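First up is the structure itself, then whatever we jot down about it.
Keep in mind it's a predicted model, so treat the numbers as computed, not measured. Naming: A, B, ... by sequence-line order, numbering from 1 per chain.
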Number of protein chains: 2
Amino acid sequence: MKTELEQNRDLSVQIAEAIRDAIMDGGLLVDERLPSEAELCEKFGVSRPTVREALKRLAAQNLIRTQRGASGGAFVNRISFEEAYGQQITTSTLLLSMNEVDFETACEARYALERACVDLSAQRRTADQLATMRAEIHRQAQPGLSDEAFCASDVAFHRALVDGAGNPVLSYQLAGAVEATQPLMNMITFTTRDRNRIVAFHTTIADALDARDSQTADKALEQLADYTSSLAREAMERRHKAT
Amino acid sequence: MKTELEQNRDLSVQIAEAIRDAIMDGGLLVDERLPSEAELCEKFGVSRPTVREALKRLAAQNLIRTQRGASGGAFVNRISFEEAYGQQITTSTLLLSMNEVDFETACEARYALERACVDLSAQRRTADQLATMRAEIHRQAQPGLSDEAFCASDVAFHRALVDGAGNPVLSYQLAGAVEATQPLMNMITFTTRDRNRIVAFHTTIADALDARDSQTADKALEQLADYTSSLAREAMERRHKAT
DNA sequence: TGACAATTGAATGTCTGACAATTAAAAACA
DNA sequence: TGTTTTTAATTGTCAGACATTCAATTGTCA
């Protein structure tokens with residue numbers, strides 16, 4: 001069984017696509033072993049390095065894993081949520097940093113998505129997640145915290161909020177949105193007054209979730225979004241004036 | 001300048017990581033040319049195939065692109081929204097199909113995210129996007145449409161809704177969520193009655209967005225989510241009974 | 001001089017063939 | 001029977017070569 005390939009495009013790309021499609025169509029099941037490299041060479045009529053490059057492409061996407069040794073080979077990988085998070089974050093971060101997405105747009109997206117979680121989070125948040133939020137709030141209130149540490153804590157707070165929805169698919173989707181905005185947030189310098197304001201919003205949100213009051217939480221989140229936006233605008237203006 | 005590598009782990013993996021980190025730290029800027037393969041061989045002290053496998057890994061993540069010919073080479077890629085969409089969709093689809101995420105969870109996530117867009121979409125949707133929605137509604141109402149075509153049209157409708165928010169970051173994040181649920185939706189068999197009901201919801205949503213009435217649109221979306229869920233539950237029960 | 005064609009060189013893409021490293025299973029042995 | 005050794009299969013890496021592509025250079029002619 002030979003599979004035909006076009007002549008113009010890179011062979012390794014085509015082979016990778018063929019295998020990926022087979023995986024996504026269900027032609028290859030999880031943990032199923034792919035043919036050995038030698039067999040793939042036969043099948044596609046190319047040399048081993050070419051097949052290997054194709055396999056590396058797939059491995060980079062966590063679609064397959066390889067094992068050496070007897071009964072080794074390439075296996076269809078069950079992609080884990082962890083791995084998917086990582087990819088999500090890498091892609092989102094690059095996208096935001098490279099495409100001159102303005103802070104406004106990124107921020108709007110992030111808070112819109114978070115607000116999508118608030119309802120569910122109010123219903124389902126665990127005591128543990130609430131504790132995480134409170135702990136982060138406490139950290140944020142400590143004086144002498146660096147801007148970066150403050151932002152990192154902010155991310156942790158919001159991730160707990162998102163995880164509170166108890167929906168791994170939501171958590172996965174939002175991981176990228178939340179983490180990717182961090183580098184942008186890091187460009188802001190937070191005064192003590194700013195921080196106090198943000199901590200107040202966070203406290204309102206945590207209290208509301210504690211009381212399972214999604215409306216109040218949503219409103220606080222909206223105000224926080226507006227406030228963050230305005231801070232960013234000021235920072236941008238200062239930066240603009242400086243040049 | 002030789003860069004040292006560990007001995008245990010795969011060399012190509014380590015090289016790929018080293019380059020990726022350089023890109024993400026800003027050590028390599030967009031459109032900057034990487035050293036040629038020969039130079040990378042020197043630098044890392046490995047052979048060319050190994051370097052190539054590393055580069056293929058990066059290419060698979062859209063981190064670099066390669067050009068043949070004089071003044072060719074590997075360049076840091078400005079990742080486009082299009083490419084990012086593609087990755088998002090691939091990852092999300094696999095995640096959902098491989099991790100036995102139940103329809104309920106996926107559906108909940110998808111509609112929660114969509115509802116996050118409705119407000120913005122009501123404010124900003126263009127006439128063009130409205131036209132797309134109406135066109136898809138029209139298609140969905142046609143008799144003799146296959147279940148798959150119906151689902152595809154459904155996806156197109158919802159993508160138009162999401163794009164209506166006019167926020168590329170939101171569109172990107174949701175592309176995965178919306179597209180990835182399609183294979184799951186395909187498992188449902190839609191009766192004419194089901195379809196009419198869904199078309200009615202879609203019409204309500206389109207009308208509401210037309211009138212910039214986000215509340216009505218949101219409510220319709222919520223009902224649509226519930227209805228879809230119930231359809232899925234029924235389908236699952238039937239399937240369960242059959243076995 | 002200026003425009004077009006031919007040449008060249010640098011780079012990636014692919015191939016062949018080989019050897020090393022790893023690992024599970026089979027074989028040998030106590 | 002239980003342990004150790006051998007073996008075979010498979011991926012990881014290397015070396016060297018040729019093919020292909022493409023831009024810059026060079027050459028040619030009007």
Counting distance alone, no hydrogens or angles: does the base of dG12(D) have a donor or acceptor under 3.5 Å from a partner atom on the side chain of R48(A)?
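Between dG12(D) and R48(A), which were checked side chain against base, a qualifying N/O pair under 3.5 Å is present.
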Using a strict 4.0 Å threshold on nitrogen-to-oxygen distance, state whether [X] and [Y] make a salt bridge.
| X | Y | result |
| --- | --- | --- |
| D154(A) | R159(A) | no |
| R20(A) | E17(A) | no |
| E108(A) | R124(B) | yes |

When you check the phosphate oxygens OP1 and OP2 of dT10(D), does a side-chain N or O of R33(A) lie under 4.0 Å from one of them?
yes
Counting just side-chain N and O atoms, does S71(A) come under 4.0 Å of either OP1 or OP2 of dA24(C)?
no
Output row for DNA chain D, stems defined as at least 3 consecutive Watson-Crick or G-U pairs under 3.5 Å, is C:1-30 with D:1-30
Using whole Å, what does the distance between atom C1' of nucleotide dC15(C) and atom CZ of F44(A) come to?
18 Å
Between dA15(D) atom C1' and E42(B) atom CD, what is the distance in whole Å?
15 Å
Partners meeting side chain to side chain contact (heavy atoms under 4.5 Å, CB included) with S71(B) (sequence neighbours left out)
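Side chain to side chain contact (heavy atoms under 4.5 Å, CB included) list for S71(B), sorted by chain: empty.
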Any base atoms under 4.0 Å from R65(A), or only sugar-phosphate, or nothing? Heavy atoms, all strands.
nothing
Interatomic spacing from CZ in R57(B) to CG in L55(A) - rounded to 0.5 Å:
10.0 Å
Hey, do the aromatic rings of H202(B) and H138(B) have their centres closer than 6.0 Å?
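No: the rings miss the under 6.0 Å criterion.
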